[in-house]
Peer 1: 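Here you go, one structure.
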Amino acid sequence: MTKKMLRRIVAVIFAMIIVAGTMLTAFADSSQYVSYESYTYWDNISGSGRKLVYNRPMFETKDVYSTSEIGTDPATGKVVDGFSITELVDVCTDLDGNIYLLDYGKEGGANAKVIKLNANYEYIGTVEKVIGPEVQGENGEVTREEYIFTGAKNIYVHSDKTLYICDTLGKRVFRTDLNGNLLDTFVLPKPDEKNGSLIPSDFEFIPVKVVADSRGYIYILSEGSYYGALLYAPDKTFIGFYGANTVTNGILGALDALMNRMFPNNEKKKNQKRALPFTFTDIVIDNKDFIYTATDAANRGQLRKLNPGAGNNILDSNNVNFADDSVNYSYWTAGGAFRNSINGLAVDDNEFMYALDINFGRVFVYDAQCRMLTAFGGGMNAGTQEGTFYNASAISLKGQDILVVDQLNNNLTVFTPTDYGSKVLALTRMTIDGDYEKSREGWEEVLKLDKNLQVAYTGLARAYLAHGEYEKAMEIALDGFDRKTYALAYEYERQEILAENFVWLFTGVILIAAVIIVLVVLNKRRKKAVEVSGDGEVKLMFKTLIHPGLGFEEIKDKKRGSFRVALVILTLFYVSSVIKVLWGGFLFTNYDPGSFNSLWVFVQSFGLVLLWVVANWLVTSLASGKGKVKEIFVVTCYALVPIIVERLIWIALSNVLLPEEASFLGILSTVSLLYTGLLLVIGMMRIHDYTMGKFIGTTLLSILGMAAIVFLIILVGILLQQLGGFFMTLFTELLM
């Protein structure tokens with residue numbers, strides 16, 4: 001064999017290895033390549049809220065069924081004669097895996113129909129009319145009345161294989177068998193002695209959603225109703241309204257309402273608007289008869305889980321935003337901005353919640369504890385790629401598959417979990433059920449695949465906690481910003497440390513106490529206060545803390561008070577502000593390394609003090625104040641010493657205390673603020689020679705002055721920016 005031939009063989013072998021490796025990589029990691037973004041939010045990172053991070057796709061597009069594919073007869077392979085879809089508005093499934101699609105019909109909702117597919121997404125029939133029961137006429141002929149459902153917006157298949165159709169414009173709900181044979185009709189009951197007080201006189205029944213539980217109770221949502229769902233008993237008796245949202249009002253709103261009631265007038269009565277709760281946009285039921293509702297307009301608590309009996313929310317969801325934080329301000333033809341709009345909801349047997357944002361076309365997946373797992377999809381009035389939507393209208397589940405219909409593209413998209421997604425869903429359920437040991441190895445594998453999934457850190461930390469490895473649990477919980485698990489692990493770890501080192505700790509406390517007592521006794525005997533570095537100005541600073549009246553009097557009358565000492569104190573004030581965030585205990589701080597800005601802290605500390613000094617000097621100069629700029633600066637800085645000391649103590653305590661012991665930190669902070677306020681009041685009154693009333697007045701004016709200065713700074717900044725833009729434009733034009 002020649003060398004040339006050998007080189008060719010080696011080259012071919014290497015090429016085959018590269019191709020095979022590329023193919024294996026593609027097959028092994030195909031779930032990574034999806035046509036839409038996959039992301040999640042991390043909670044409890046900083047005080048500014050949650051943080052968006054991209055994560056490994058948990059769901060991928062399995063199939064997209066177009067109109068022709070939906071209407072194809074499996075026997076002939078051809079589209080059924082006359083089959084067409086005008087506008088898909090809803091989808092649901094039954095326990096056998098069959099799929100039911102609702103076509104809204106032509107403009108105005110005419111010719112609506114239910115399209116039935118089997119578990120393999122093959123066409124099996126259509127329900128275009130509801131067929132009434134047989135009626136025998138006078139001549140013996142048997143007839144069956146037919147009903148159309150106009151403008152239908154929702155269908156639901158019960159576990160007893162009955163079909164519910166919301167005849168929205170017909171103001172009724174049909175209950176039929178799966179072939180459309182009428183079983184029951186639900187309408188708004190006429191007021192009588194029993195239900196007259198339950199139904200408002202102006203209530204209009206426009207059914208848009210319907211579900212039924214295993215006992216036969218029917219829940220119907222009426223469009224625009226803020227009373228909740230209409231509840232019917234198994235015998236069709238109207239019971240009342242169920243599970244309405246409540247109105248939330250802030251302190252300012254409550255005060256405004258109180259003032260309007262105390263001092264009413266015709267103008268206020270004319271402009272007064274009644275605060276109404278948000279209406280439900282969707283209602284679903286799980287396998288345990290718990291009712292889940294979705295609300296559109298709210299920016300928190302959009303999803304609720306209602307007790308079957310009382311109808312109260314048992315989901316810890318009031319402070320959770322189940323959609324995105326952002327708003328897309330790309331204006332559409334109607335002139336409005338895209339805002340999150342959760343109008344679809346599905347819940348599986350493991351209590352995972354799938355919320356559909358119809359404006360952005362995204363699906364948000366949450367576990368039973370309202371922790372976000374992932375979000376995917378998109379489109380936002382485009383929907384040109386698989387897995388994105390032009391106008392997503394409804395969502396349903398078929399096993400672990402997620403079904404979403406697009407109202408304008410008239411297609412059905414089926415998402416299925418990736419291998420990674422199936423693993424995460426299973427492990428999350430195990431963690432919620434308390435099977436920590438079984439989930440440990442799985443969570444370790446998940447974190448190797450994707451370190452951006454916050455629930456994985458919680459799951460793994462809980463596994464180590466259950467195994468008694470508290471230090472490891474704390475380490476993982478710290479990485480995942482899971483303060484709750486960290487606190488549980490730290491409590492056990494602290495108990496072990498105290499038990500193992502109790503003798504040494506107790507001895508150390510006794511020795512420290514003894515040293516303090518000896519120093520106090522020696523100090524009294526010598527009748528001499530402890531001096532710090534022999535610096536009289538530093539001693540004066542301490543004197544203002546113990547005897548503020550005498551200390552500030554020396555600053556004013558004897559022209560004492562060191563600018564350098566004050567500047568050092570202000571610097572320490574800034575440094576303590578920074579280290580309180582950086583070195584404070586994890587359980588009591590919200591520190592995000594990616595967003596922390598020490599320059600902003602400088603503005604909040606240094607800048608705030610300087611702003612107060614300037615504003616107070618300007619105001620008091622006009623109000624016969626005798627204090628000079630230096631004196632105002634010195635007094636203000638000296639008054640900050642208690643806060644600096646408190647922060648140092650706070651840093652130490654926050655690293656050893658538990659959340660339930662946070663009251664100690666609260667008391668410490670309150671005392672230091674009151675002490676600083678007291679020093680500031682005494683110092684300002686003394687250097688300006690003010691009475692209490694005049695001090696309060698000038699202080700309020702100083703605060704207004706601070707706001708005015710900030711406004712002017714912002715205004716000047718905007719003007720300079722515009723001026724710079726003008727010169728840049730002028731320079732560009734001259735060059736051209």
Side-chain angles (χ1 to χ4, degrees), residues 29-43 50-65 91 282 294 302-303 320-328 338-348 350 352-367 370-407 409 411-429 446 449-456:
D29 204 26
S30 61
S31 64
Q32 286 292 304
Y33 303 103
V34 293
S35 57
Y36 44 81
E37 294 177 336
S38 181
Y39 60 92
T40 186
Y41 284 98
W42 277 45
D43 295 315
R50 55 186 188 166
K51 184 176 182 179
L52 186 147
V53 294
Y54 291 96
N55 65 348
R56 190 183 184 94
M58 288 181 57
F59 290 86
E60 60 185 344
T61 307
K62 185 178 182 180
D63 281 302
V64 179
Y65 295 92
V91 59
D282 203 357
Q302 300 98 322
L303 304 186
V320 178
N321 182 6
F322 288 90
D324 282 324
D325 295 330
S326 61
V327 174
N328 189 293
F338 280 105
R339 298 184 181 274
N340 298 299
S341 178
I342 293 183
N343 273 357
L345 177 62
V347 180
D348 65 16
N350 289 318
F352 291 106
M353 297 172 287
Y354 304 81
L356 176 64
D357 179 353
I358 64 170
N359 278 348
F360 286 88
R362 293 185 181 130
V363 178
F364 298 90
V365 185
Y366 285 84
D367 67 12
C370 299
R371 296 179 305 176
M372 185 176 178
L373 301 180
T374 189
F376 60 93
M380 200 171 61
N381 280 11
T384 56
Q385 296 178 304
E386 284 191 354
T388 62
F389 310 99
Y390 193 96
N391 188 5
S393 57
I395 185 172
S396 187
L397 300 175
K398 178 177 175 288
Q400 282 197 318
D401 289 350
I402 302 173
L403 282 58
V404 180
V405 294
D406 192 320
Q407 186 171 355
N409 279 336
N411 58 28
L412 172 67
T413 301
V414 181
F415 296 96
T416 193
T418 62
D419 292 340
Y420 168 78
S422 296
K423 184 185 291 291
V424 171
L425 292 173
L427 292 171
T428 302
R429 185 66 256 180
V446 165
L449 294 172
D450 184 6
K451 294 186 179 299
N452 285 344
L453 189 65
Q454 191 176 28
V455 295

Peer 1: Could you check whether any side-chain N or O of Ser341 sits under 3.5 Å from a backbone N or O of Asn359, counting only pairs where one atom can act as donor and the other as acceptor?
Peer 2: no

Peer 1: State, to 0.1 Å, how close Gln400 and Leu425 come at their nearest heavy-atom pair, and which atoms those are.
Peer 2: NE2-CD1, 4.0 Å

Peer 1: Take Phe364 and Leu303 through the side chain to side chain contact (heavy atoms under 4.5 Å, CB included) test and state the conclusion after the steps.
Peer 2: CA-CA 11 Å; Phe364 298 90; Leu303 304 186; over 6 Å; no

Peer 1: Give me the atom names and distance for the closest heavy-atom approach of Gly361 to Ala392.
Peer 2: CA-CB, 4.4 Å

Peer 1: Could you walk me through whether Asn321 and Gln302 pass the side chain to side chain contact (heavy atoms under 4.5 Å, CB included) check?
Peer 2: CA-CA 7 Å; Asn321 182 6; Gln302 300 98 322; 2.9 Å; yes

Peer 1: Any side-chain heavy-atom pair from Asn340 and Phe360 closer than 4.5 angstrom?
Peer 2: yes

Peer 1: Which atoms form the tightest heavy-atom contact between Thr40 and Asn452, and what is the distance?
Peer 2: CG2-O, 3.6 Å

Peer 1: So, taking the atom named NZ in Lys62 and the one named CG in Asp401, what distance separates them when rounded to the nearest 0.5 Å?
Peer 2: 4.0 Å

Peer 1: Donor-acceptor check, side chain of Gln407 to backbone of Asn391, threshold 3.5 angstrom: yes or no?
Peer 2: no

Peer 1: So, Asn411 side chain and Tyr65 main chain: donor-acceptor pair closer than 3.5 Å or not?
Peer 2: no

Peer 1: Which residues pass the side chain to side chain contact (heavy atoms under 4.5 Å, CB included) test with Asp43, not counting sequence neighbours?
Peer 2: Arg50, Gln454

Peer 1: Report yes or no: does Asn350 contribute a side-chain atom to a donor-acceptor pair with the main-chain N or O of Arg429 at less than 3.5 Å?
Peer 2: no

Peer 1: Tyr36 vs Val363, test: side chain to side chain contact (heavy atoms under 4.5 Å, CB included). Steps then yes/no.
Peer 2: CA-CA 11 Å; Tyr36 44 81; Val363 178; over 6 Å; no

Peer 1: Which distance, rounded to the nearest 0.5 Å, do you find between the CZ of Phe59 and the OH of Tyr354?
Peer 2: 4.5 Å

Peer 1: Holding to salt bridge (Lys or Arg N to Asp or Glu O under 4.0 Å), I want the full list of residues that pass it with Asp324, two or more places apart in sequence or in another chain.
Peer 2: Arg362

Peer 1: Can you name the closest pair of heavy atoms from Gly387 and Thr61 and give their distance?
Peer 2: CA-OG1, 3.5 Å

Peer 1: Restricting to non-hydrogen atoms, name the atom on Val446 and the atom on Ala456 that form the minimum distance, rounded to 0.1 Å.
Peer 2: CG1-CB, 4.0 Å

Peer 1: State the CG-CZ distance between Leu373 and Phe352, to the nearest 0.5 angstrom.
Peer 2: 6.0 Å

Peer 1: When rounded to the nearest 0.5 angstrom, what distance separates CG in Leu356 from CG in Leu345?
Peer 2: 9.5 Å

Peer 1: Which pair of non-hydrogen atoms, one from Ile395 and one from Ala346, has the smallest distance, and what is that distance?
Peer 2: CG2-N, 4.2 Å

Peer 1: In Å, rounded to the nearest 0.5 Å, how long is the span from OH of Tyr390 to CG of Asp406?
Peer 2: 9.5 Å

Peer 1: Carefully, step by step, assess Thr418 and Arg56 under the rule side chain to side chain contact (heavy atoms under 4.5 Å, CB included).
Peer 2: CA-CA 10 Å; Thr418 62; Arg56 190 183 184 94; over 6 Å; no

Peer 1: What pairs of residues pass the salt bridge (Lys or Arg N to Asp or Glu O under 4.0 Å) test when at least one of them lies in residues 389-398, not counting sequence neighbours?
Peer 2: none

Peer 1: Quick one: does Asn55's side chain have a donor or acceptor within less than 3.5 Å of a partner on Tyr39's backbone?
Peer 2: yes

Peer 1: Looking at CG of Asp348 and CG of Leu397, how far apart are the two atoms once the value is rounded to the nearest 0.5 Å?
Peer 2: 6.0 Å

